Chemist: 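Sharing a structure here in structure tokens format.
This structure is a prediction, so every number in the text was calculated from the model and none was measured. Worth knowing before you read on, the calculation uses all heavy atoms, side chains too, and leaves out hydrogens, waters and symmetry mates.
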Amino acid sequence: MQILTWQARRRAGLTLTELEALTGIGKTTLNNIENGTVSPRLDQLEAIARATGTKITDLFDAPNK
């Protein structure tokens, strides 16, 4: 399963720096989440969804069956 934080951030027109300010999550962590090198915690996903105006469920790309 892919986490679609990069796509949500781009749709919202936010830079990593702006998303950091809105969420309180460091740029390095946000970048790692976007690159799939770390899995975000639920509170981080909630903050990203809120900051980007996205439903939390839209941050998940379910694998095709």
Chemist: Please give me the minimum heavy-atom distance between A51 and T23, naming the atom from each residue.
Modeler: CB-CG2, 3.7 Å

Chemist: Could you tell me the separation between the OG1 atom of T15 and the CZ atom of R10, rounded to the nearest 0.5 Å?
Modeler: 10.0 Å

Chemist: Look up atom CD in Q7 and atom OG1 in T54, then write down how far apart they are to the nearest 0.5 Å.
Modeler: 10.5 Å

Chemist: Assigning hydrophobic clusters by single linkage (Ile, Leu, Val, Met, Phe, Trp, Tyr; side-chain heavy-atom cutoff under 4.5 Å), is L4 placed with L16?
Modeler: no

Chemist: Indicate if L19 and I56 have the same hydrophobic cluster label, given that clusters are the connected sets of ILVMFWY residues with side-chain heavy-atom separations under 4.5 angstrom.
Modeler: yes

Chemist: Anything under 3.5 Å between a donor and an acceptor, one on a side chain of residues 25-33, the other on a protein residue two or more places apart or in another chain? List them.
Modeler:
residue, atom, partner, partner atom, Å
N31, OD1, N35, ND2, 3.4
N32, OD1, T37, OG1, 3.4
N32, ND2, T28, O, 3.3

Chemist: When you compare the side chain of P40 with that of I3, does any pair of heavy atoms fall below 4.5 Å?
Modeler: yes

Chemist: Side chains of residues 42-49: which donor-acceptor partners sit under 3.5 Å, not counting sequence neighbours?
Modeler:
residue, atom, partner, partner atom, Å
D43, OD1, R41, NE, 2.9
D43, OD2, R41, NH2, 3.0
Q44, OE1, R41, N, 2.8

